[in-house]
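Working notes, structure below.
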Amino acid sequence: RKADEAARRCVAMWWEVLGLGLLCLVALALFRPKNEKTPERKPPNPQNGEELLQLVPIHDPAVLAPHVVALWPTLDQETRKKLKEAVHAYGWEAYFITDLEDPDLEKRIRAVEILGLIGGKKSLWPLMSALASRNERVCFAATAALKELQSPGLIETLIEALGVPERWPPARVAEIILSKGRESVMPLLEKLASASPAAKGYIIEILGELGDVRAVPYLIEGVEDEDPVIRAKSARALAQINGPVMGVTKSLQQALKDEAWEVRAQAALAVGNLRIYEMAASLEELLSDPDWRVKETAEKALKQLN
């Protein structure tokens, strides 16, 4: 009897312990604070070049790229140089060159923008390919990027592209070359003689827009070219030269009598703009020219001389 009673007590005690354990588990489940989520890393928000440099090693290029584009105009040359060195060390150029093939348009445009700022020699032809894009936004972004790109051979490559207008839009290419200013003049002059007829015309027009006196001897040759289009463009380019121009009288005198009215008109424009007073009599002869456009230009040129 005593053994049975002891057994019952043990069983009862076991159930009490089990029940107490279950109550504890329930209480823990009910009152235990919820696990807090791991705080997400805040997106970077650099305010200057120094902060941007510190973030390069710890953030994905795609995350920082918009900040590089936004802050770039505010950075001095030394900071830009440091930033280029930092991002090249972490493979940004290759990263964004790969993005140029991405089907996502916005991703491609972002890659074009950033390569214009941080890209090097390897970025030149990928950006030239983007310039040839039929998508207007990509082409526009590539134009802006190539204006910013500092790469050996850039101007020479652009001049070659002028000879393939069916692939690269000449207006965009010329815009980029003009943005480089005086550094474009000598590469343009060196390519002029060997350029294709199409490229030659564009080169002369660009030289006119640049207005550099170093182009004068080359433009004089152009005024005497066998192609009337080249003669007319050369005369117009001479009219745009900024600075003293010497040795053009003989060529312009001949151009005023050219068989092509475009050449006569552009030569008259050059005489007026360059203030070649000794050629006033030749301009007066053009007042009876059979083409009204030549007569009108001659009248304007004479007013400039008077």
Side-chain angles (χ1 to χ4, degrees), residues 40-162 164 167-169 171-181 183-184:
E40 294 181 2
R41 181 192 290 182
K42 291 183 179 180
N45 187 29
Q47 300 299 308
N48 53 57
E50 290 301 319
E51 292 181 9
L52 193 55
L53 281 166
Q54 293 173 9
L55 294 172
V56 169
I58 57 177
H59 280 283
D60 189 276
V63 175
L64 288 183
H67 298 287
V68 173
V69 174
L71 288 173
W72 192 265
T74 69
L75 305 181
D76 57 50
Q77 291 301 321
E78 184 61 27
T79 305
R80 289 181 180 182
K81 181 181 177 183
K82 289 180 181 178
L83 185 59
K84 282 185 178 182
E85 291 173 352
V87 300
H88 276 275
Y90 284 90
W92 278 36
E93 187 175 32
Y95 180 99
F96 286 108
I97 287 175
T98 302
D99 273 0
L100 289 176
E101 302 299 326
D102 197 280
D104 185 332
L105 176 61
E106 298 304 325
K107 204 170 183 179
R108 295 204 307 275
I109 291 174
R110 181 191 62 195
V112 167
E113 290 176 338
I114 197 69
L115 285 173
L117 303 180
I118 62 95
K121 190 173 182 179
K122 293 179 181 177
S123 298
L124 174 54
W125 275 104
L127 286 176
M128 288 296 294
S129 295
L131 183 65
S133 173
R134 298 304 177 205
N135 183 291
E136 185 61 27
R137 288 184 61 197
V138 174
C139 181
F140 182 81
T143 302
L146 286 164
K147 286 181 182 179
E148 295 289 341
L149 186 69
Q150 300 295 322
S151 173
L154 169 61
I155 295 173
E156 290 79 3
T157 301
L158 289 165
I159 295 171
E160 292 291 340
L162 289 171
V164 195
R167 181 175 183 191
W168 287 286
R172 294 292 191 193
V173 175
E175 183 183 341
I176 300 164
I177 295 173
L178 286 169
S179 74
K180 302 300 180 179
E183 69 176 286
S184 299

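Just so you know, these numbers use all the heavy atoms, side chains as well, and skip hydrogens, waters and symmetry mates.
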Subject >> Least distance between heavy atoms, Lys180 atom then Leu149 atom >> reply: NZ-O, 3.0 Å

Original post:
Which residue pairs pass the salt bridge (charged side-chain N to carboxylate O under 4.0 Å, His left out) test with at least one member in residues 59-85, sequence neighbours excluded?
Top reply: none

**OP:** For side-chain hydrogen bond (donor to acceptor under 3.5 Å, both in side chains), just list the numbers for Glu93 and Ser123, CA-CA rounded to whole Å, side-chain angles, deciding distance to a tenth of an Å, and then say yes or no.
**Re:** CA-CA 7 Å; Glu93 187 175 32; Ser123 298; 2.7 Å; yes

Original post:
So does Glu156 have more than 12 non-hydrogen atoms from other groups sitting under 6.0 Å from CD?
Top reply: yes

Original post:
Are any side-chain N or O atoms of His59 and backbone N or O atoms of Pro43, one a donor and one an acceptor, separated by less than 3.5 Å?
Top reply: no

Subject >> Heavy-atom donor-acceptor pair, His67 side chain to Asn45 backbone, under 3.5 Å >> reply: no

**OP:** Using a 4.5 Å cut-off on heavy atoms from C-beta on, say whether the side chain of Arg110 contacts that of Val69.
**Re:** no

Original post:
So Arg137 and Glu106, salt bridge (charged side-chain N to carboxylate O under 4.0 Å, His left out) or not? Walk me through it.
Top reply: CA-CA 10 Å; Arg137 288 184 61 197; Glu106 298 304 325; 2.9 Å; yes

**OP:** Going by the side chain to side chain contact (heavy atoms under 4.5 Å, CB included) test, name the single residue among Ile177, Leu154, Val173 that passes it with Ile159.
**Re:** Ile177

Original post:
Is the backbone N or O of Glu51 less than 3.5 Å from a side-chain atom of Asn48, with the two atoms forming a donor-acceptor pair by type?
Top reply: yes

**OP:** Inspect the contact between Glu175 and Lys147 and indicate whether a charged nitrogen and a carboxylate oxygen are less than 4.0 angstrom apart.
**Re:** yes

Original post:
If you look at every heavy atom in Leu105 and Val138, which pair is closest and at what distance?
Top reply: CD1-CG2, 3.5 Å

Original post:
Would you call Leu146 and Leu124 a side-chain contact if the rule is heavy atoms closer than 4.5 Å?
Top reply: yes

Original post:
Any ring-ring contact (aromatic ring centres under 6.0 Å, His included) pairs touching residues 89-113, not counting sequence neighbours?
Top reply: Trp92-Phe96

